[in-house]
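Order of the sequence lines sets the chain letters (A, B, ...), proteins ahead of strands, with each chain counted from 1. Bear in mind that the values here come from a model prediction, so they are computed numbers and not experimental data.
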Amino acid sequence: MAAAVADHHVSVMFDLTGAKIDSAQRFVNRASAGDGIVVRMMASLLSFVAIRLCDRVTKNTTDQAIWFKGATQEIWDGCVDLDLEKINPLADRLDHLLESLNGLRTQLNDVSETKTTLAAAKRRAMASCIDLHDSVSAFRWALLEYEASQAVRVPGYFAETPDALEALFDKITTE
Amino acid sequence: MSVDLEGRVIRGIDIGSPAFINRWKALPGNVQSEAKATIKGLLGENIDQLPSKLHLHMLQGRNVESALDPKKKVGVWSLHITADDRYKASFTYEQGTFYFRTCGKHDDVDKKP
């Protein structure tokens, strides 16, 4: 029974991870490609529309960051039993998400601040984008640490001198 | 080379983690060269006096299995292995040895784009 519950937790964790990455990626793509352009156009004409769009970025990225922080904590707490085969593909998708987030942040940065309220909304949106970026990055690293924790160290890879260490690096690169 | 008054000198490096080895192999060649020089430069240095550019720090509230005693939990450290801060590695520090765990891209956000 306990094993069944644990297995269920594992699959839910992975299913949600994939879905969460997709969801965040979709939002960031949409915000960059469509909303970003609209925000920049509207900023000079209708600042209230631009503010609403900035606020939407803030709300969405904040929600996403909360999930990634929680998932990161679960990994570090040892609450999950992840399939090591899935870590690489997930890490690649997270890399792509991080790149997209950088793009969105650059677009937000280009929004002209025609009103004080818009400047404040823009600052909030940029701060929440940074928070999401940090959260995704920390989650990605937690996956690598999880993988490291599962690995059984092998003897014979210890060095006390630079030359011996050089030889070890040559060995692991070529073997 | 530092005088080891308080047992804080890095006397050995262990890279025998399959996770570290696999991640290392995936690093670009130029990154491997730079990272290798960084890691070799650690030997004989005092852990408390490493250059700040390495961003050496213990991950707060994160403990992992000891490389020496699987029943024990120890703190995990990380440092930047390239000067552009794009890559980092993690390790445990036990009895004067850095036991490397993993390495890879470190996508830190530039707060001032």
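Residue A/Asp131: no heavy atom, backbone or side chain, is found under 4.5 Å from chain B. For A/Val152, the part lying under 4.5 angstrom from a heavy atom of chain B is the backbone only.
Close approach to chain A, defined as a heavy atom under 4.5 Å from one of its heavy atoms, is seen in B/Thr97, B/Tyr99, B/Phe100, B/Arg101, B/Thr102, B/Cys103, B/Gly104, B/Lys105 of residues 95-105 of chain B, taken by number. Chain A is approached within less than 4.5 Å, heavy atom to heavy atom, by B/Arg23, B/Trp24, B/Lys25 from residues 22-29 of chain B, ordered by number.
Smallest separation of non-hydrogen atoms from B/Leu59 and A/Glu145: CD1-OE2, 4.4 Å. Residues B/Pro18 and A/Arg153 approach most closely at CD-CA, 4.1 Å, considering heavy atoms. Residues A/Ala151 and B/Ala19 come closest through the heavy atom pair CB-N, 4.0 Å.
Cluster membership check: A/Leu97 does not share its hydrophobic cluster with A/Ile66, using side-chain heavy-atom separations under 4.5 Å among Ile, Leu, Val, Met, Phe, Trp and Tyr. Connection of A/Ile75 to A/Phe68 is established within a shared hydrophobic cluster, with ILVMFWY side chains joined at heavy-atom distances below 4.5 Å, either directly or through further cluster members. Taken together through direct or relayed side-chain contacts under 4.5 Å among Ile, Leu, Val, Met, Phe, Trp and Tyr, B/Leu68 and B/Val9 form parts of separate hydrophobic clusters. One hydrophobic cluster, built from ILVMFWY side chains closer than 4.5 Å, cannot hold both B/Leu79 and B/Val76; they sit in different ones. No single ILVMFWY cluster, assembled from side-chain heavy atoms under 4.5 Å apart, contains both B/Leu42 and B/Val74.
In terms of heavy-atom pairs under 4.5 Å with chain A, the best-connected choice from B/Arg62, B/Glu65, B/Lys88, B/Lys36 is B/Arg62. Of the listed residues (A/Leu98, A/Thr173, A/Leu144), the one with the most heavy-atom contacts under 4.5 Å to chain B is A/Leu144. The choice from A/Asp77, A/Asp163, A/Asn88 that makes the most heavy-atom pairs within less than 4.5 Å of chain B is A/Asn88.
One distance of note links CD of A/Glu166 with NZ of B/Lys40; it measures 3.5 Å at 0.5 Å rounding. The structure places CD1 of B/Ile15 at 8.0 Å from OH of A/Tyr157, a figure rounded to the nearest 0.5 Å.
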* **Derivation of the side chain to side chain contact (heavy atoms under 4.5 Å, CB included) call for B/Ile13 and A/Phe158** => CA-CA 6 Å; B/Ile13 303 278; A/Phe158 172 77; over 6 Å; no
* Working for side chain to side chain contact (heavy atoms under 4.5 Å, CB included), residues A/Trp76 and B/Val64 -> CA-CA 9 Å; A/Trp76 279 107; B/Val64 297; 3.8 Å; yes
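Two residues are said to be in side-chain contact when any heavy atoms from C-beta on lie closer than 4.5 Å; A/Trp141 and B/Ser90 meet this criterion.
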